[in-house]
Amino acid sequence: MQFIMRCYESMISCSIIEKDCNNDTLWTWNYPSIANLDRVIITRKYNFQLEHNYFQTFIFSRHNSKWFYIYNSDTSESDILVKVKQFAIVLIAQDYFPHKYQSLGKILSRAYIKSGSPIDILKLYLMTFSKNSCIINDNHIFSSQDFDDLPFGTTTNIRELIKTFELEIILIYTALLLKKRIVVYHHSLEELLKWIKSFPALMKHRKLTDYLFSWVDFVPDELFELKKHSFYIAGFKDSIISSRTDLYDLLVNIPAREIIIANHAKESLNMTKTHKEIAMFMLQLGENQSFSEAQIISEINDKTQDLLKQLTSLATVKTCEGDMKVPIQAIKGKNLSTAVENFLVNLAVAENLLIM
């Protein structure tokens, strides 16, 4: 399922951050103004690179319901920005669309390197905001429609995720299905952002990007924001996260190819015969080289829909609002094994279908 917003619906602001020759970080321009807390968090993410002698062209993260996309450039090719060592175009938007905003950030960066004028950036930003597209003098074109028309799964790699974790991929799938707190760890920010993009695609029927926190630092404001959610997919690059079981039910350690279930979550993530069958099914999908990424995602979604149909077949109680709910006795009355019964109850809770 794709959730597409036009630029005038999604874009919130555009800013320029500069790192001068004294290594001072300056917010030199923004349109319109942005909240102080957003500025603090974005500055922290931007400065992270220099503090660790690390330069990554494009990074993205979120705060509250807003996504921010930072496109970094050096000024070695500019004859105008002589007092600036590096700069970044910062786009804040309501929607999760990394590859679209990376492309727009690149276009705006080219324009700023050429002219050094925020007025040119404002013109291009407003053109994109109103017309969903813009063009700069060297015929570099940005069109939002080009990205909206891309098939689901264009920037994900579920096949690689399956290949990496093999049968244990079912733990990730089940944790997502049951709306557990999932933490993804990688010491490399570039790798972390690359891998975490694939997780929402395992649950195509849900808008999981609303619960995605691609890069979280161990600082009070970001942890406070994370803890407000009972379910999330959160990326961390600090290895200390492995000891913080208060922050996760399932930890996915990408470089170690290891998945850890927190003790408090083990009962709800017990595997059944159905889980093992789905795990084998996903493994076969990953090994089938004739399947595209979109086909793999579609096949997994079909399997998920089969599970949900089995659950909704037990929905026999109609609420005042007209919604059909699954009474807990309908599950308990089927005399299932404890593991299967717990799974169905947890799934009904996750899908907001259970009624006591």
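Looking only at side-chain heavy atoms (C-beta outward), L178 and T174 come within less than 4.5 Å of each other. Residues T28 and I17 fail the side-chain proximity criterion, which asks for heavy atoms closer than 4.5 Å. Considering only heavy atoms from C-beta on, E267 comes within 4.5 Å of N342 through its side chain. The shortest side-chain heavy-atom distance between K227 and L247 falls under the 4.5 Å cut-off. Two residues are said to be in side-chain contact when any heavy atoms from C-beta on lie closer than 4.5 Å; F165 and I254 meet this criterion. Between L91 and L108, the closest side-chain pair of non-hydrogen atoms falls below 4.5 Å. With contacts defined as side-chain heavy-atom distances shorter than 4.5 Å, the pair L81/F87 qualifies. The closest side-chain heavy-atom distance from S144 to L104 is not below 4.5 Å.
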* To do: I would like to know whether H63 and F68 meet ring-ring contact (aromatic ring centres under 6.0 Å, His included); could you show each step before the answer?
  => CA-CA 8 Å; H63 175 62; F68 55 86; 8.1 Å; no
* Go through I42 and W27 one step at a time and tell me if the side-chain contact (heavy atoms from CB on, under 4.5 Å) criterion holds. => CA-CA 11 Å; I42 292 168; W27 286 73; 3.8 Å; yes
* **Worked verdict on Y71 versus Y101 for ring-ring contact (aromatic ring centres under 6.0 Å, His included)** => CA-CA 9 Å; Y71 192 92; Y101 290 108; over 10 Å; no
* Would you sort out whether Y46 and V90 count as a side-chain contact (heavy atoms from CB on, under 4.5 Å), showing the intermediate values? => CA-CA 10 Å; Y46 176 70; V90 180; over 6 Å; no
* **Y211/Y232 under ring-ring contact (aromatic ring centres under 6.0 Å, His included): CA gap, chis, key distance, verdict** => CA-CA 5 Å; Y211 307 94; Y232 49 72; 9.5 Å; no
* **side-chain contact (heavy atoms from CB on, under 4.5 Å) between N253 and S242, worked out** => CA-CA 9 Å; N253 186 324; S242 62; over 6 Å; no
* Kindly determine whether F213 and W67 satisfy ring-ring contact (aromatic ring centres under 6.0 Å, His included), including the steps that lead there. => CA-CA 9 Å; F213 294 81; W67 284 92; 7.8 Å; no
* **Stepwise salt bridge (charged side-chain N to carboxylate O under 4.0 Å, His left out) check, R206 with E351** => CA-CA 10 Å; R206 293 188 191 140; E351 291 293 318; 2.5 Å; yes
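Heavy-atom neighbours of D79 CG from other residues, nucleotides or ligands within 6.0 Å: at or below the threshold of 12. In K228, the NZ atom is crowded: over 12 heavy atoms of neighbouring residues, nucleotides or ligands sit closer than 6.0 Å. Taking a 6.0 Å sphere around CG of N352, one finds it holds 12 or fewer heavy atoms contributed by other residues, nucleotides or ligands.
Both L308 and I278 are assigned to one and the same hydrophobic cluster, defined by single-linkage of ILVMFWY side chains at heavy-atom distances under 4.5 Å. Using a 4.5 Å cut-off between side-chain heavy atoms of Ile, Leu, Val, Met, Phe, Trp and Tyr, with links allowed through other members, L177 and L161 fall into the same hydrophobic cluster. With hydrophobic clusters built from ILVMFWY side chains whose heavy atoms lie under 4.5 angstrom apart, V40 does not share a cluster with L26. Side-chain heavy atoms closer than 4.5 Å link hydrophobic residues (I, L, V, M, F, W, Y) into clusters, and following such links, even through other members, never connects F129 to I135. Linking Ile, Leu, Val, Met, Phe, Trp and Tyr whenever their side-chain heavy atoms come within less than 4.5 Å puts I162 and V252 in one cluster.
Under 3.5 Å, the side chains of K19 and T25 contain a donor-acceptor pair of N or O atoms. Using a 3.5 Å distance cut-off with no hydrogens or angles, the side chains of D120 and S115 do pair a donor with an acceptor. No side-chain N or O of S133 forms a donor-acceptor pair with one of Q145 less than 3.5 Å apart.
In summary, K114 and E77 do not engage in a salt bridge, as defined by a charged side-chain N under 4.0 Å from a carboxylate O. Between D217 and K45 a salt bridge is recorded (basic side-chain N to carboxylate O distance below 4.0 Å). Under a 4.0 Å N-O distance rule, the pair E293/R159 does not qualify as a salt bridge. With respect to the salt-bridge test (charged N to carboxylate O, under 4.0 angstrom), the residues K100 and D95 qualify. Salt bridge absent: K163 and E166 never bring a charged side-chain N and a carboxylate O closer than 4.0 Å.
P200 approaches K197 most closely through the heavy-atom pair CD-O, 3.5 Å. When all heavy atoms of W29 and C14 are compared, the closest pair comes out as CZ3-O, 3.6 Å. Across all their heavy atoms, M127 and C134 have their closest contact at SD-CA, 3.6 Å. The minimum heavy-atom distance between N157 and S198, with the atom names listed, is N-OG, 2.7 Å. Here the closest heavy-atom approach between residue S78 and residue I113 is recorded as OG-O, 3.1 Å. Residues I196 and L212 share a closest heavy-atom pair of CG1-CD1, 3.8 Å.
Panel note: side chain S13, backbone Y31; no donor-acceptor pair is recorded below 3.5 Å. A distance-only check finds no donor-acceptor pair linking the side chain of T156 to the backbone of I158 [under 3.5 Å]. Put simply, the side chain of S188 gets close to the backbone of E191: a donor and an acceptor are under 3.5 Å apart. A side-chain donor-acceptor contact under 3.5 Å links T304 to the backbone of I300. Side chain of K179 to backbone of A350: a donor-acceptor contact under 3.5 angstrom is found. The main-chain N or O of V84 is never found under 3.5 Å from a side-chain atom of E18 such that the two would form a donor-acceptor pair. No donor-acceptor pair closer than 3.5 Å links the side chain of E222 to the backbone N or O of V219. When atom types are taken as modelled, the side chain of Y69 and the backbone of F97 share a donor-acceptor pair closer than 3.5 angstrom. Listed for the H275 side chain is a donor-acceptor partner under 3.5 Å among the backbone atoms of T272. Side chain of N64 to main chain of K66: no donor-acceptor pair is present (N/O by atom type, distance under 3.5 Å, no hydrogens or angles).
Summarising the geometry, atom OG1 belonging to T209 is positioned 7.5 Å from atom OH belonging to Y96; distances are rounded to the nearest 0.5 Å. Separating the CG atom in N30 from the CG atom in D38 is a distance of 11.0 Å, to the nearest 0.5 Å. Atoms NE2 and CG, from H186 and L192 in turn, are 8.0 Å apart once rounded to the nearest 0.5 Å. The NZ atom of K237 lies 10.0 Å from the CG atom of L193; values are rounded to the nearest 0.5 Å. Within the model, atoms CG of L344 and CG of L353 stand 11.5 Å from one another, a figure rounded to the nearest 0.5 Å. Summarising the geometry, atom CG belonging to D249 is positioned 11.5 Å from atom CG belonging to N263; distances are rounded to the nearest 0.5 Å.
K85 pairs with exactly one of N23, D24, D20, T75 by the side chain to side chain donor-acceptor pair (under 3.5 Å) rule, that one being N23.
A distance below 6.0 Å separates the ring centres of F48 and W215.
Cation-pi geometry between K180 and F231 is not met: the NZ or CZ atom fails to fall both under 6.0 Å from the ring centre and inside 45° of the normal.
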